[in-house]
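Below: the structure, in structure tokens.
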Protein chains: 2
Amino acid sequence: MSTVKYAEVVSLKHATLGLLSFGPASGYDLLQTFGESLANVWPATQSQLYGELGKLADAGLVTVAAEGPRGRKEYSITDEGMAELRHWLGETKPAPTRRSEMLLRVFFLGLLTPEQAEAYLHDRAAAATEMRAGMLEIDKQLEPQDGDLVVYGRLALEWALRYSVMQREWADWAVEELRRARKEE
Amino acid sequence: MSTVKYAEVVSLKHATLGLLSFGPASGYDLLQTFGESLANVWPATQSQLYGELGKLADAGLVTVAAEGPRGRKEYSITDEGMAELRHWLGETKPAPTRRSEMLLRVFFLGLLTPEQAEAYLHDRAAAATEMRAGMLEIDKQLEPQDGDLVVYGRLALEWALRYSVMQREWADWAVEELRRARKEE
DNA sequence: AGATGCATGTAACCAGTTACATGATTTA
DNA sequence: TAAATCATGTAACTGGTTACATGCATCT
């Protein structure tokens with residue numbers, strides 16, 4: 001408990017609290033979840049997670065509820081932690097994502113040959129198709145399960161499916177657009 | 001020139017080199033561009049940019065081609081810099097974007113009341129609509145212009161337009177999906 | 001003469017990644 | 001008993017943000 005300062009808008013904190021809201025877990029356990037369900041929305045490394053759990057404990061948002069073999073520490077979310085999580089979810093807005101390396105490159109496509117530029121866009125389309133296949137795979141594995149993480153995870157999955165379609169269609173469109181522009185000259 | 005080490009995959013470096021590939025500019029000039037055209041794909045702060053220009057100069061990828069009033073330094077991209085830029089564009093792949101605070105929150109929507117969860121999704125739809133309006137505004141201003149940055153910028157803009165539509169449709173779908181799920185119980 | 005805009009730089013801090021380091025328990 | 005897995009932690013470094021600091025040139 002608590003003089004620890006957090007910058008506003010830090011989401012590893014909330015991702016961690018969120019996972020602990022489903023039940024107690026150790027850093028090791030959480031790491032699995034970050035590697036599975038949350039891998040595509042909020043990846044976290046091992047060293048980051050252990051550090052975060054330490055900070056959350058110092059801040060009184062989680063506690064070590066039990067200790068197990070091999071130094072295992074099982075963390076539970078506290079009332080304070082739940083309050084903070086609910087506050088974040090209900091009363092703050094997500095920061096819009098900016099920064100897209102994929103689009104940054106688009107701005108400089110004029111430096112490449114037309115063939116190279118086209119290849120870039122084809123690769124984006126292919127990557128989107130591949131992403132879609134991966135997501136459908138996950139969907140299949142999720143099918144029989146339920147539980148909150150899965151129910152809401154499916155909403156996120158649908159987002160990813162739509163995203164990948166959009167990206168593929170855009171890339172195909174962009175190829176045509178560049179061809180059209182070249183002809184016009 | 002040069003013993004300066006760069007980590008792989010750093011895009012402010014390439015964003016800066018890319019802008020300088022269109023012609024010489026000062027840090028101040030570039031800052032305007034980062035605040036306008038690149039604001040939505042690769043924002044950069046003033047302090048970051050000046051630091052980056054220093055590092056690029058140390059690495060021999062840019063040079064101070066001219067000095068003006070008020071200590072103005074006009075940077076030019078060097079042959080080495082152009083080579084690096086072309087290498088990045090043509091021979092490396094963009095890292096897929098992960099991390100979406102918007103989707104992270106979706107995973108924890110079960111902690112809110114159904115009304116709050118719906119409100120969240122409605123807000124996403126509204127934000128997407130607003131984003132779309134902003135992009136159409138930019139499109140209008142871009143209309144009469146040309147030049148490489150604008151031509152390719154339009155491809156990026158189209159991406160953003162399609163993205164905002166996708167997001168709105170997804171959010172609307174998700175609202176219905178949650179209602180459906182609640183009824184089923 | 002004063003406001004605005006041009007122009008650069010530095011310091012402190014936070015978030016995230018990679019690599020290193022260690023050791024206990026279980027299973028084959 | 002050796003390998004795999006469980007389990008935690010620390011150090012060094014990079015990239016990014018915010019805030020501070022300074023000063024010259026132009027325009028009214």
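By convention in this document, chain letters (A, B, ...) are assigned in the order of the sequence lines, proteins followed by strands, and residues within each chain are numbered from 1. The structure displayed is predicted, hence computed values, not measured ones.
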Problem set entry | B/E101 and A/W42 side chains, donor-acceptor separation under 3.5 Å | no

[X] has an atom [atom1]; how far is it from atom [atom2] of [N], in whole Å?
X: B/L30; N: C/dC6; atom1: CG; atom2: P; result: 15 Å
X: B/L49; N: D/dT17; atom1: CG; atom2: C1'; result: 14 Å
X: B/R99; N: C/dA15; atom1: CZ; atom2: P; result: 12 Å
X: A/E52; N: D/dT8; atom1: CD; atom2: C1'; result: 16 Å
X: B/K55; N: C/dG9; atom1: NZ; atom2: C1'; result: 15 Å
X: A/H14; N: C/dC14; atom1: NE2; atom2: P; result: 16 Å
X: A/L56; N: D/dG9; atom1: CG; atom2: P; result: 13 Å
X: B/Y75; N: C/dA7; atom1: OH; atom2: P; result: 13 Å

For this session: For B/R70, enumerate each residue passing the side chain to side chain contact (heavy atoms under 4.5 Å, CB included) test, keeping only those at least two apart in sequence or located in another chain.
Result: none

Problem set entry | A/R105 to A/F107 six-membered ring, cation-pi geometry met (6.0 Å, 45°) | no

Problem set entry | B/R168 to B/W173 six-membered ring, cation-pi geometry met (6.0 Å, 45°) | no

Short side-chain N/O contact to [N] OP1/OP2 from [X], under 4.0 Å:
X: A/R72; N: D/dC6; answer: no
X: B/Y50; N: C/dG9; answer: no
X: A/K73; N: D/dG9; answer: yes

Exercise. Are B/I138 and B/V165 grouped together when hydrophobic residues (ILVMFWY) are joined by side-chain heavy atoms under 4.5 angstrom apart?
Worked result: no

For this session: Please tell me if the side chains of B/V106 and B/Y120 come closer than 4.5 Å, counting only heavy atoms from C-beta onward.
Result: yes

Exercise. Just wondering, more than 12 heavy atoms not from B/E130 lying within 6.0 Å of its CD?
Worked result: no

For this session: Hey, which sits more toward the 5' end of DNA chain C by its nearest nucleotide, B/G51 or B/D29?
Result: B/D29

What's touching nucleotides 18-24 of chain C from the protein side, N or O pairs under 3.5 Å?
from	atom 1	to	atom 2	distance (Å)
C/dT18	O4	A/S47	OG	2.7

